[in-house]
Amino acid sequence: MSFSTFHMTPVDPPLGSPAARRASERRTSDRRSSSRRSSIDPRKLVPMDKTTHLPGSDDFNVLFIGAGNIMFGSDEGPWNHSFRFEHKLGRRLKVVALIDPAVERAHAVLKKKCDSFVVSAYENTRVYKTLDEFVKNMSPRDRPRAVVVGSPPMFRGTLKPGRDIEMQILKHFPGVAMFVEKPIATGPAHEIEEAFQISKSIEDSKTICSVGYMLRYLKAVQMMKSILEENNLTVMTTIARYACAYEAIAKPDWWDKSKSAGPVIEQGTHFCDLSRYFGGEVDISSVVAHSLEFDENAGQLTKMKIDESKIPPENRIPRVTSATWKYDSGAVGSFVHAVALQGTNYSCELEVFADGYQLKLVDPYVQPVLYVRKPGDDHEQTYRFPDDDPFFSEVSNLIDIIEDIEEDPEGATILSNYEDAVRSYELTWAIREASERSRAERLARSREAAKAA
């Protein structure tokens with residue numbers, strides 16, 4: 001594959017899905033290694049409407065944890081894991097159970113599914129409040145081949161009872177693959193070490209695990225990776241910018257950083273992760289950040305849909321957070337998150353610079369566009385990727401690895417494992433803490449100046 005191939009065909013034609021051979025649940029070490037490569041040939045990312053269901057007559061049991069929007073969709077965005085599993089597996093999909101303490105909601109979403117064309121996947125699905133309840137009532141034929149964790153992040157990513165769902169899955173279903181939504185947690189910063197311990201347990205048990213940083217699976221992102229790799233380039237800097245449309249955010253918890261952990265951790269995490277994907281590991285001690293807060297003149301918002309006065313001042317979110325850091329490679333990273341736009345559309349960009357090259361990704365969530373400037377031409381080349389679905393690509397790759405499809409060993413790769421996700425989570429917390437330190441120092445200086453006056 002060459003860069004000239006991309007230049008000739010900015011949007012590659014989809015490839016057909018190869019016939020698959022399924023093996024037992026045991027994986028060879030070589031196969032596991034292949035699932036940890038850092039990139040995928042963009043031409044292997046087949047659109048959902050161009051792929052075919054995996055052949056076979058055997059059921060593929062899946063356990064869903066969480067009956068919320070991330071699992072079953074909403075009008076707020078394109079997320080809907082159940083929809084992607086249905087299209088990947090077809091009639092083979094059997095959702096053996098749906099676990100959520102809000103049982104009425106769980107029964108409601110199941111009713112909608114059973115009233116649709118995917119009834120065969122859900123007609124025997126049972127609802128439980130807890131994983132333990134499912135385990136106690138599970139028959140051997142209900143053993144899942146994959147567990148999808150879409151419960152709120154405050155209930156995962158730690159070793160504490162009730163917030164240790166990953167460890168419970170490892171205990172009750174050793175060897176069963178996991179898909180975990182991001183961020184892996186939203187607890188206090190001191191619990192990050194527990195998330196690293198979970199990562200080690202997953203790694204030591206050789207459990208297949210993918211975390212939902214779906215932007216890594218964009219064709220545009222994989223094209224950027226290919227350009228860097230083919231030209232043997234070293235990234236010099238990453239520049240990420242994320243401006244949300246706050247007028248459309250009516251969930252009070254989102255505006256309360258004691259509940260959501262703040263917009264950088266809960267929302268900006270995708271762009272911090274993409275920055276790491278290109279820049280490499282971050283020297284956490286180098287992170288410096290500043291913030292624009294709610295009580296500063298420039299931080300006044302006129303279109304908020306919630307009553308912020310009900311949130312204690314110390315828990316109100318910053319309007320802007322700006323951070324810089326050094327990568328272990330010596331490269332420099334920067335990230336700006338802004339709660340600034342009205343309407344509904346967000347504005348998001350990521351730029352990657354290397355010797356002679358500028359790669360700029362725009363609008364990755366809706367209609368990704370990649371602008372490429374390379375040596376010998378000061379003009380940017382534009383590549384568009386209509387109808388790309390990274391949510392499907394991440395699910396498709398996970399299932400192909402679980403199924404041990406070897407017809408095309410380069411075709412399936414997990415691009416974000418649990419340890420990777422913990423490191424992205426660690427970076428977002430470092431940014432938040434650095435911005436809070438700088439604010440505290442600024443306020444202290446102001447108080448001292450006031451005393452001196």
Side-chain angles (χ1 to χ4, degrees), residues 68-70 74 76-77 152-158 163 182-192 240-273 287-325 334-348 424-450:
N69 294 344
I70 192 68
S74 75
E76 296 178 4
M154 65 280 294
F155 298 117
R156 57 179 188 257
T158 79
R163 299 171 56 211
K182 61 79 215 163
I184 49 93
T186 52
H190 66 79
E191 293 181 344
I192 293 175
R241 179 175 60 77
Y242 190 117
C244 72
Y246 74 87
E247 184 181 7
I249 303 175
K251 184 179 179 181
D253 285 0
W254 188 87
W255 295 87
D256 185 336
K257 63 184 180 182
S258 71
K259 297 179 179 179
S260 68
V264 171
I265 294 170
E266 193 275 342
Q267 191 177 68
T269 182
H270 275 298
F271 269 51
C272 291
D273 180 75
V287 176
V288 177
H290 299 282
S291 63
L292 168 66
E293 298 292 336
F294 73 95
D295 55 356
E296 297 180 273
N297 183 56
Q300 304 306 304
L301 301 177
T302 60
K303 293 287 186 177
M304 292 176 62
K305 292 294 179 67
I306 64 111
D307 182 359
E308 197 176 32
S309 67
K310 295 181 178 179
I311 301 172
E314 66 273 16
N315 293 336
R316 296 177 193 176
I317 65 170
R319 294 351 186 191
V320 177
T321 303
S322 177
T324 59
W325 59 83
S334 68
F335 173 63
V336 174
H337 183 281
V339 182
L341 297 178
Q342 299 175 6
T344 57
N345 290 339
Y346 288 26
S347 176
C348 304
S424 291
Y425 181 56
E426 180 185 37
L427 173 59
T428 59
W429 255 112
I431 292 172
R432 171 179 161 175
E433 290 186 315
S435 70
E436 291 175 341
R437 283 195 303 271
S438 69
R439 171 172 166 80
E441 292 167 0
R442 188 170 65 254
L443 292 175
R445 288 194 298 269
S446 296
R447 287 193 295 267
E448 289 299 320

*Asks:* Which pair of heavy atoms, one from Cys272 and one from Ile431, lies closest together, and at what distance?
*Replies:* SG-CD1, 3.7 Å
*Asks:* Determine whether Leu341 and Tyr346 make a side-chain contact, defined as any pair of heavy atoms from C-beta on separated by less than 4.5 Å.
*Replies:* no
*Asks:* Which of parallel (below 30°), tilted (30 to 60°) and perpendicular (above 60°) describes Phe335 and His337?
*Replies:* tilted
*Asks:* To check you understand the geometry: which heavy-atom pair defines the closest contact between Ala245 and Gln342, and what is its length?
*Replies:* CB-O, 3.6 Å
*Asks:* Find out whether Lys259 and Asn315 are in side-chain contact, i.e. whether some heavy atom of one side chain is under 4.5 Å from a heavy atom of the other.
*Replies:* no
*Asks:* Between Glu296 and Arg442, does any NZ, NE, NH1 or NH2 come within less than 4.0 Å of an OD or OE carboxylate oxygen?
*Replies:* yes
*Asks:* Give me the atom names and distance for the closest heavy-atom approach of Gly157 to Ala185.
*Replies:* CA-CB, 4.0 Å
*Asks:* What do the steps show when you test Tyr425 against Thr269 for side chain to side chain contact (heavy atoms under 4.5 Å, CB included), and what is the final call?
*Replies:* CA-CA 7 Å; Tyr425 181 56; Thr269 182; 6.0 Å; no
*Asks:* Can you confirm whether Ile249 sits close enough to Gln267 that some side-chain heavy atom of one is under 4.5 Å from a side-chain heavy atom of the other?
*Replies:* yes
*Asks:* To the nearest 0.5 Å, tell me how far Thr321 OG1 sits from Glu436 CD.
*Replies:* 9.0 Å
*Asks:* On a heavy-atom basis, which atom in Cys244 and which in Trp254 lie closest, and how many Å separate them?
*Replies:* SG-CH2, 4.0 Å
*Asks:* Can you tell me how far apart CD (Gln300) and CG (Asp295) are? Round to the nearest 0.5 Å.
*Replies:* 8.0 Å
*Asks:* Identify the heavy atoms of Ile306 and Ala250 that sit nearest to each other, and give their distance.
*Replies:* CG2-O, 3.5 Å
*Asks:* Verify, without hydrogens or angle tests, whether Thr428 (side chain) and Val264 (backbone) share a donor-acceptor contact under 3.5 angstrom.
*Replies:* no
*Asks:* Out of curiosity, Thr158 OG1 to Ile192 CD1, how far, rounded to the nearest 0.5 Å?
*Replies:* 12.5 Å
*Asks:* So that I can tick it off, tell me whether Glu266 and Lys251 are bridged by a salt bridge, with the cut-off set at under 4.0 angstrom between side-chain N and carboxylate O.
*Replies:* no
*Asks:* So, taking the atom named CZ in Arg316 and the one named CD in Glu308, what distance separates them when rounded to the nearest 0.5 Å?
*Replies:* 5.0 Å
*Asks:* Determine, step by step, whether Arg432 and Ser291 satisfy the side-chain hydrogen bond (donor to acceptor under 3.5 Å, both in side chains) criterion, reporting the C-alpha distance in whole Å, the side-chain angles of both residues, the deciding distance to 0.1 Å, and the verdict.
*Replies:* CA-CA 9 Å; Arg432 171 179 161 175; Ser291 63; over 6 Å; no
*Asks:* Roughly how far, to the nearest 0.5 Å, is OG of Ser435 from NE2 of His290?
*Replies:* 9.5 Å
*Asks:* Looking only at heavy atoms, which two atoms of Ser424 and Asp273 are closest? And how far apart?
*Replies:* OG-OD1, 2.6 Å
*Asks:* Apply side chain to side chain contact (heavy atoms under 4.5 Å, CB included) to Glu314 and Ser258, showing your working.
*Replies:* CA-CA 9 Å; Glu314 66 273 16; Ser258 71; over 6 Å; no
*Asks:* Between Glu247 and Lys305, is there a side-chain heavy-atom distance shorter than 4.5 Å?
*Replies:* yes
*Asks:* To the nearest 0.5 angstrom, please state how far the CG atom of Asp253 sits from the OG1 atom of Thr186.
*Replies:* 10.0 Å
*Asks:* Would you indicate whether the side-chain heavy atoms of Ile317 and Phe294 approach each other to under 4.5 Å?
*Replies:* no
